[in-house]
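One structure is given below, encoded as structure tokens.
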2 protein chains.
Amino acid sequence: MNAGRFSPDAVRLDDAARAGWLYYVAGNTQDEIARKLGVSRQSAQRLVAMAVSEKLIKVRVDHPIARCMDLAGALSDRFGLASCEVVPSDPDAPDLLTGIAIAAAAELERTLKSPERRIVSLGTGRALKATVEQLPRMSCPQHVIVSRLGNMMQDGSASPYNATISLAERIGAPHYPYPLPVLARHPAELSAMRNQEAVQNTIRLCERADLSLVGIGQMDRSAPMFLDGFASAAEMDELAALGAVGEITSWVYDREGRIIDCAFNERVASAPLPRAGERPMIAVATGEAKLPAIRAALVGHLVNGLITSEATAERLLAG
Amino acid sequence: MNAGRFSPDAVRLDDAARAGWLYYVAGNTQDEIARKLGVSRQSAQRLVAMAVSEKLIKVRVDHPIARCMDLAGALSDRFGLASCEVVPSDPDAPDLLTGIAIAAAAELERTLKSPERRIVSLGTGRALKATVEQLPRMSCPQHVIVSRLGNMMQDGSASPYNATISLAERIGAPHYPYPLPVLARHPAELSAMRNQEAVQNTIRLCERADLSLVGIGQMDRSAPMFLDGFASAAEMDELAALGAVGEITSWVYDREGRIIDCAFNERVASAPLPRAGERPMIAVATGEAKLPAIRAALVGHLVNGLITSEATAERLLAG
DNA sequence: CACTTCGACGGGCAAATACTCACAAAGCCT
DNA sequence: AGGCTTTGTGAGTATTTGCCCGTCGAAGTG
């Protein structure tokens, strides 16, 4: 028999383990445990509580979702997120948008269910488009949908993946498209544009949004920004040289999540991106290619929420 | 996305898992869960209850309870066991399988965690079935699961309590069902069966198993063997007259743990039971009714490991 | 199309559980 | 020894949980 074996502490811990076993495994009530161990009910409660606080009780949830919640918790801790959701990946198609779109739609739906007026601001992109498609039709004339960035290029042609209009249509809410192109031709033009009453108003709405959903764009040659023609190859190279790793509503940032001070960003007409606000600003993004962009956005607190896939969450934590 | 992924049931189960995680792992109250998931408190309660009833929640107590360790040590000494585990009993339900199933699952898990290939052989019975249910899902394609005995009666109907298939499914490992019925009709038939290539191969796997878990059957009128229809009342009487007190994978033995030389055993098709091998052969059994059967198995070194309950351990040592 | 059945929902309530507080016993320092 | 801190205890109370039951809507049926 070793020394500490019967020390008061050890005996008490044994009792705690026994109480914890009777409670969690055998399903007794604390009253029954008290009777069986011959102590008062309050003591039994304390023993059970001790078993928990001393980590004697290990609980695990045996469902794929559980792993996702573990990952979500870890991401929240690591990056100080107010909200984080991780969706199971299909191993064969880990970056399918459907999963995160469903999760993002659920988040959106919760906000829209409110009877009080809510302002929802949206970015653009495939992920958000898919999100809106997952939202059931509902009637919410009390809310307002506002776009955080323009819908067209300098030449007036419309950008695809505009989620604002579809969302507003789907839920029957008034909406505010962003009344500017994505990029101004030069900084001077931009400041003139910004003075317009409608623009000011829209930006104010964005600032007051009760929920904002944005996509995250990577900065390599598969960048949405490049593919959709908002930036030329030359511009992409230039940005890459400045350390750009990602963009949110066209604001280009570096690997620390700092909006880069450069010619391109000086032409970005989108609503300003507040750093780490109080209000939910949630990124909806997944995919190997977007990893550096997502990581930087989290590090720089450009967003305080994330909806992503299991595979991406794992990579984010590993890196 | 596979078919069932978004079926209503699956979604509900996901929510249940989520609720269970938030409740048991994250320590939320049901009210908080309700708010987070956007449902009423009552629904949250139902989800948590479902997570429990669907066995999504696994609890184990991580503490060597002194009394149980004493009993385990005493049993090991007395019967020369290589391993012995005693789990606390609930005084009002001393023979609950849950407790020993959790312990056996933990043992099994230790073996399965190995990156090298392991061969695990299993018997049948309620205890083993419960054990497999306690095992978390994991991915172990490197291991092999093999059954020590058949899964069906002479007429081809399947026996319940088959643990091999569930285990193999749960961990995604290849498995070898035992390619014979439990009993042959007569010894001649048996020796013909034994010559089959598949049978030889399966038996060899059993002999090389790195871990074997078996149940223990008593031989009175509550015998699993009798209740499940593998032996008639007449056969049971005959065996009792020959001094049978228990059976392991259908091999019937007497109170000294000797396999009885009799007509019944000559028809048993199960893999041979090596006496006191080097490799772990662990019995998972508890209950007043099984006492003589367990004691004899230990005395005769039919097994070299035991997982049982506190109450049973005490009785074994007392007798 | 009306009717029945079934399952889910949420309100309400009683039981179970967690927390607070005041007190007493035990260890500890001076 | 005496005061001090620490730790456990029981009583009382607030919170949380489990369950019953009436209601409602969807799906099935004649």
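Labels below follow one simple rule: chain letters A, B, ... track the order of the sequence lines, proteins then strands, and each chain is numbered from 1.
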Kindly say whether A:V146 contributes a backbone atom to a donor-acceptor pair with the side chain of A:S121 at under 3.5 angstrom? no
Residues in side chain to side chain donor-acceptor pair (under 3.5 Å) with A:Q45, at least two apart? none
Got A:R117 and A:I119 here, is their nearest side-chain heavy-atom distance under 4.5 Å? yes
Donor-acceptor pairs under 3.5 Å, side chain of residues 16-30 of chain B to any protein atom, not counting sequence neighbours: which ones?
from	atom 1	to	atom 2	distance (Å)
B:R18	NH2	A:E85	OE2	2.5
B:W21	NE1	A:D70	OD1	2.9
B:N28	OD1	B:K36	NZ	2.7
B:N28	ND2	B:L22	O	3.1
B:T29	OG1	B:D31	N	3.3
B:T29	OG1	B:E32	N	3.2

Residue list, salt bridge (Lys or Arg N to Asp or Glu O under 4.0 Å) with A:E109, at least two apart or on another chain: A:K113
Partners of A:R208 by side chain to side chain donor-acceptor pair (under 3.5 Å), sequence neighbours excluded? none
To check you understand the geometry: which heavy-atom pair defines the closest contact between B:L306 and B:I282, and what is its length? N-CG2, 4.0 Å
Using a 4.0 Å cut-off on heavy atoms, which residues in residues 24-36 of chain B reach DNA chain C? List them by number, or say none. none
Test item: B:T308 side-chain N/O and B:A285 main-chain N/O as donor-acceptor pair under 3.5 Å: yes
Minimum heavy-atom distance B:L47-B:L37, with the two atoms named: CD1-CD1, 4.2 Å
Residues in side chain to side chain donor-acceptor pair (under 3.5 Å) contact with B:S222, at least two apart in sequence or another chain: B:Q218, B:D220
side-chain N/O A:Y23 vs C:dT17 OP1/OP2, d < 4.0 Å: yes
Applying side chain to side chain donor-acceptor pair (under 3.5 Å) to B:E107 and not counting sequence neighbours gives B:R110
Angle by which the axis turns from one end of the helix from C:dC1-D:dG30 to C:dT30-D:dA1 to the other, five pairs per end, to 10 degrees: 30°
Contacts under 3.5 angstrom, residues 164-171 of chain A side chains, donor-acceptor by atom type, not counting sequence neighbours:
from	atom 1	to	atom 2	distance (Å)
A:T164	OG1	A:S147	OG	3.4
A:S166	OG	A:K129	NZ	3.0
A:S166	OG	A:N162	O	3.3
A:R170	NE	A:V132	O	3.4
A:R170	NH1	A:L135	O	2.8

Close N or O pairs between protein and nucleotides 22-24 of chain C (under 3.5 Å):
none

If you take all heavy atoms of B:T286 and B:S309, which pair is closest and at what distance? OG1-OG, 2.7 Å
Check: protein-nucleotides 22-25 of chain D nitrogen or oxygen pairs below 3.5 Å:
none

Contact check, residues 41-53 of chain B vs DNA chain D, heavy-atom distance under 4.0 Å, returns B:R41, B:Q45
Greater than 12 external heavy atoms within 6.0 Å of B:R315's CZ: no
Short question: side chain of A:H143, backbone of A:R118 - any donor-acceptor pair under 3.5 Å? yes
